[in-house]
Amino acid sequence: MTSTPFAATLTTNPAARTAEQRDAILADPGFGNHFTDHMFLAEWTPDTGWADGRVVPYGPLQIDPATAVLHYAQEIFEGLKAYVHADGSVWLFRPEANAARMQRSAQRLALPELPTDWFLGSIQALVEADRAWVPAGGEKSLYLRPFMFASEVFLGVRPSQHVTYSVIASPAGAYFAGGVQAVSIWLSTEYSRAGAGGTGAAKCGGNYAASLLPQREAAEHGCAQVAFLDSTEQKWIEELGGMNLYFVQSDGSIVTPSLSGSILEGITRDSIMQIGRDLGHEVVERRVSIDEWRQGAADGTITEVFACGTAAVVTPVASLKWEGGEAVSGDGQPGKVTTDIRSALVDVQYGRAEDRHGWLTRVS
Ligand code: PLP
Ligand code: COI
């Protein structure tokens with residue numbers, strides 16, 4: 001059955017936080033610690049299609065212990081942010097790209113695709129209900145987390161016949177505790193994030209579960225993120241646990257690993273390809289080997305490295321570390337190209353620069 005056009009009811013939270021409680025949270029939200037007063041929910045079955053869209057008070061979901069997602073991890077998610085502009089209006093950055101990626105993830109995980117009008121409508125409805133939670137000032141934003149999971153109560157291994165979609169929202173400051181500073185990255189030589197034919201290009205929870213052990217190894221070595229190589233040759237740089245990578249070359253070009261089928265197609269990565277060109281850089285998508293990174297950092301061919309993603313925005317990479325070695329990018333400080341690209345991106349997101357590519361959608 002095809003889904004009906006997007007529609008949602010609203011049940012206002014009678015126990016919503018007071019303005020004082022909310023302001024205390026928005027003053028220093030961190031990342032992923034606090035959640036707004038409402039959430040969005042909808043259900044899918046083969047008979048109804050997507051239905052029962054509702055904004056309801058934020059709170060626990062009752063889950064039967066035999067719910068399929070708890071056993072077989074049939075789950076996908078998205079991440080995007082709402083930004084307040086100087087005039088108080090609220091905007092999303094390329095939300096239709098997140099809608100399209102969620103449809104691709106759904107296909108890979110044998111989940112039902114969520115129509116774009118449902119994706120955009122659900123976010124709009126939640127942001128409207130929780131408008132007061134979109135933080136202004138600094139580089140704060142409201143991080144939106146749409147997700148979808150197998151909610152059928154059944155232990156057989158087959159695609160779920162009941163699926164739940166939800167959006168929750170979390171006021172956000174910097175993703176890394178130190179704010180906008182260069183971070184060190186740990187090279188995982190033992191583990192891969194994804195393999196050929198696997199789920200690396202989908203945004204599914206299982207990929208992140210697989211990255212936690214190497215991520216812990218990274219933290220033990222004082223690194224903020226882990227870098228993964230391809231699983232076949234252990235040679236080609238793919239991405240970080242939750243971010244894509246860019247290399248700034250001494251000739252001024254910027255290079256990002258080509259999509260191998262096991263890399264997540266980041267919307268920030270894609271936007272930076274355009275911004276890089278707008279700023280006059282040659283932008284190249286190609287395979288980058290780990291030897292090129294090590295060598296380039298040593299001989300100065302690679303002058304800067306940065307990570308990018310919705311949560312991390314653009315984060316300078318000071319060095320790559322591995323057992324017994326380290327490759328420092330440039331002088332280890334945030335470089336000019338990284339800083340310029342970062343500014344160009346956030347200036348569009350916060351409405352301080354012209355939206356030349358039609359990337360912004362107003363939601364309030
Ligand atoms: N790679 C991974 C594994 C991610 O989790 C993310 C974050 O969403 C990204 C890359 C960057 O994607 P985007 O720029 O769309 O946030
Ligand atoms: C994002 O940048 O939106 C992510 O999903 C990365 C991480 C928080 C999982």
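All ligand and atom numbering here is 1-based and tracks the order in the structure.
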**Prompt:** Do K203 and R101 have side chains that get closer than 4.5 Å, going by heavy atoms?
**Reply:** yes
**Request:** Quick one: look up the protein heavy atom nearest atom 5 (O) of ligand 1 and list residue, atom name and how far away it is.
**Result:** Y208 OH, 2.4 Å
**Message:** Does either side chain, that of T164 or that of S151, offer a donor lying less than 3.5 Å from an acceptor on the other one?
**Reply:** yes
**Complete:** atom 6 (C) of ligand 1: closest protein heavy atom, distance to 0.1 Å, is G242 O, 3.2 Å
**Request:** Please write down residue, atom name and distance for the protein heavy atom closest to atom 1 (N) of ligand 1.
**Result:** E239 OE1, 2.5 Å
**Distance filter under 4.0 Å to G241 heavy atoms, resulting ligand 1 atoms** = 3 (C)
**Message:** When you compare the side chains of H38 and D130, does any donor N or O come within less than 3.5 Å of an acceptor on the partner?
**Reply:** yes
**Request:** Assert yes or no for the condition that the ring centre distance of W44 to H162 is strictly below 6.0 Å.
**Result:** no
**Prompt:** Of all the atoms in ligand 1, which lie at a distance below 4.0 Å from a heavy atom belonging to R101?
**Reply:** 12 (O), 13 (P), 15 (O)
**Message:** Hydrogens and angles aside, do W186 and S188 bring a side-chain donor and acceptor to less than 3.5 Å of each other?
**Reply:** no
**Message:** Just to check, does A311 reach to within less than 4.0 Å of ligand 1 when the distance is taken from its heavy atoms?
**Reply:** no
**Item:** ligand 2: protein residues within heavy-atom distance under 4.0 Å
**Value:** F77, G79, Y143, R145, Y175, K203, Y208, G242, T310, A311
**Request:** Would you mind checking which non-hydrogen protein atom is closest to atom 16 (O) of ligand 1, with the distance to 0.1 Å?
**Result:** T310 OG1, 2.6 Å
**Asked** What's the shortest distance from atom 12 (O) of ligand 1 to any protein heavy atom, and which residue and atom give it?
**Response** G266 CA, 3.3 Å
**Item:** Residues in side chain to side chain contact (heavy atoms under 4.5 Å, CB included) contact with T303, at least two apart in sequence or another chain
**Value:** V248, S250
**Prompt:** Would you say R269 has any N or O atom under 3.5 Å from an N or O of ligand 1, going by distance alone?
**Reply:** no
**Prompt:** Should E43 and T48 count as side-chain neighbours, where that means a heavy-atom distance under 4.5 Å?
**Reply:** no
**Prompt:** Centroid-to-centroid, F306 to F247, below 6.0 Å?
**Reply:** no
**side-chain contact (heavy atoms from CB on, under 4.5 Å) partner of S192, the single match among S211, S262, S231, P214** = S231
**Message:** Does the plane of the ring in F6 sit parallel, tilted or perpendicular to the ring in W118? Use 30° and 60° as the thresholds.
**Reply:** perpendicular
**Request:** List the closest protein heavy-atom neighbour of atom 7 (C) of ligand 1: residue, atom name, distance to the nearest 0.1 Å.
**Result:** K203 NZ, 3.3 Å
**Prompt:** Should E265 be listed as contacting ligand 1, given a heavy-atom distance under 4.0 Å as the test?
**Reply:** no
**atom 14 (O) of ligand 1: the protein heavy-atom neighbour that sits closest, reported with distance to 0.1 Å** = T268 OG1, 2.5 Å
**Request:** Using distance alone, determine whether I267 and ligand 1 share an N or O pair under 3.5 Å.
**Result:** yes
**Message:** Between K235 and D230, does any side-chain N to carboxylate O distance fall below 4.0 Å?
**Reply:** no
**Message:** I'd like to know whether D47 forms a side-chain hydrogen bond (donor to acceptor under 3.5 Å, both in side chains) with T45, so could you lay out the CA-CA distance, the side-chain angles of the two residues, the decisive distance to 0.1 Å, and finally the verdict.
**Reply:** CA-CA 5 Å; D47 292 340; T45 69; 5.1 Å; no
**Request:** Mark the output for R193 as yes if a heavy-atom distance to ligand 1 is under 4.0 Å, and as no if none is.
**Result:** yes
